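Notes follow the structure.
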Amino acid sequence: MPKPLKQKKQKKSEKAEKENKASLQSPKGMRDILPIEQPLWEKVKKASQDTANFYNFSKIDTPILEKAEVFERGIGVSTDIVEKEMFVLKTKGGDRLVLRPENTAGIVRAYFENGMSHMPQPTKLYYFGPFFRHEQPQAGRYRQFHQYGFEILGGEDDPVYDAQIILAGIRSLEELKIKNLSLQINSVGCRNCRQVYRRKIQEYYRRFSAKICKDCKRRASVNPLRLLDCKNEKCQPIKEDAPATINYLCAPCRSHFREVLEYLDGLNLPYSLNNFLVRGLDYYNRTVFEIFSESYPGALGGGGRYDYLAELLGVKKSELPAVGVSFGVERIVELMKIMDISGLPKPKAKAFLIQIGKPAKKKAFLLIEEFHKAGIKVIESLGRESLRAQLKVADKEEVEMALILGQREVFEESIIIRDMKNGVQETVPLSKVVDEVRKRL
Ligand code: AMP
């Protein structure tokens, strides 16, 4: 029997309402960071900024949009990020811009564009900001996420910088009291030794061409190093016996890697060698690493050396020694919740200003500005009328003092200071209240 017209209409309007609701939700994989979470975020910002200050990294902010070429040339067209994950848009003028999926390429662009290469080297930079990748959202993986990172650009390709980048990264997490950290490290060599390794791994995988996944078949010809990045179940046993990059390093790369490890040993910083760690981006050479915590399933951060990036971008004819690390802030915040690590507390107000009646409200509104000028945080609830209701809020805010301005006080140009602990009240001239509060702090 066909549905009655009324029922059909109702269904249609329910559907429209549902669609309307969905269209007003945040985009897939992008979230609001609500006030309740902000103290944790502030703590991560502070820890990364303090670490940057200590190791002398200067803050840089680059645009959230970059020209597509910055990533296509720098990261490499055969990588997941460029191939599948970039949010690309076309401007009215016809430029192809990208919501930045990472910061290293943008920082190298900025380094040359702003003449930083002419300053004393190396240049040490720090950043904190949002990044965008069109990935399938899941736990710890979003389409808009945040990273902070440290980069050392220019100067020598000294292994001490690789160690310092790793150290700064670890220290920033320790500053947050994140425990059980582990460092996995590998070397992917240079252009010379990588050629040899490429052939070796291609030869090895040729034997299994019928067994490997579709992605790996493509990787084997386009970007063989990325074969080791594969997470597909059926490729794992093959991967386990694959040749390791570390066994094919040329003498200079071997000695560079050994020195990095020696610096880490000197710091008593434990690490484990991971032959499968290659970090798929084209720009990495020599040291690559990732940092984990036992209490979190994915990597908190990672990085490596990227001496070829400037050349790949076409901003320099030869190598620019550089090394960097970046951390996922969402993952760190998630981990802080798991580990019960508290956030940065909001500065507490010392006093709460209570007003009763319209003239008092007007006076109170202006009086807050006197406190603002004096740098003393005073909070209020100007929308509330009754003394009881306002005292209740003051109690909840755990302030030390309540300042009470009633009709009589307005008339007498005075104000009551109430000690919230013992309830003792004192009336002082309104013109002296800022000093009187300051005396009691
Ligand atoms: P990558 O730039 O891919 O080396 O990532 C560095 C760190 O950023 C990772 O270890 C994660 O902590 C974080 N990260 C990368 N991609 C995402 C994402 N889609 N959502 C959340 N965090 C991410």
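This one's a predicted model, so the numbers in the text were calculated from it and none came from an experiment. Atoms within each ligand, like the ligands themselves, are counted from 1 in listed order.
Under 4.0 Å is where a charged nitrogen must lie from a carboxylate oxygen, and between K337 and E37 at least one such pair does. Note on K90 versus D95: no salt bridge recorded, every NZ/NE/NH1/NH2 to OD/OE distance being 4.0 Å or above.
Within the structure, the ring-ring contact (aromatic ring centres under 6.0 Å, His included) test picks out the following pairs touching residues 155-214 (sequence neighbours left out): Y197-Y248, Y204-F208. Among residue pairs with one or both ends in residues 308-320, those qualifying as salt bridge (Lys or Arg N to Asp or Glu O under 4.0 Å) are R191-E311; sequence neighbours excluded.
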So what's ligand 1 close to, N/O to N/O, under 3.5 Å?
| from | atom 1 | to | atom 2 | distance (Å) |
| --- | --- | --- | --- | --- |
| ligand 1 | 2 (O) | R133 | NH2 | 2.8 |
| ligand 1 | 2 (O) | Q147 | NE2 | 3.1 |
| ligand 1 | 3 (O) | R133 | NH1 | 2.9 |
| ligand 1 | 3 (O) | R133 | NH2 | 3.4 |
| ligand 1 | 4 (O) | R279 | NH1 | 3.4 |
| ligand 1 | 4 (O) | R279 | NH2 | 2.4 |
| ligand 1 | 5 (O) | Q147 | NE2 | 3.4 |
| ligand 1 | 8 (O) | Q147 | NE2 | 2.9 |
| ligand 1 | 10 (O) | A299 | O | 3.2 |
| ligand 1 | 10 (O) | G301 | N | 3.4 |
| ligand 1 | 12 (O) | A299 | O | 3.2 |
| ligand 1 | 12 (O) | L300 | O | 3.0 |
| ligand 1 | 12 (O) | G328 | N | 3.3 |
| ligand 1 | 16 (N) | R133 | NH1 | 3.4 |
| ligand 1 | 19 (N) | E135 | OE2 | 2.6 |
| ligand 1 | 19 (N) | Y142 | N | 3.4 |
| ligand 1 | 19 (N) | Y142 | O | 2.8 |
| ligand 1 | 20 (N) | Y142 | N | 2.8 |

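K239 forms a cation-pi arrangement with F276, by the criterion of a distance under 6.0 Å to the ring centre and an angle within 45° of the ring axis.
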Residues 251-262, side-chain donor-acceptor partners within the protein, below 3.5 Å, at least two apart:
| from | atom 1 | to | atom 2 | distance (Å) |
| --- | --- | --- | --- | --- |
| R254 | NH2 | L249 | O | 3.0 |
| H256 | NE2 | D157 | O | 2.7 |

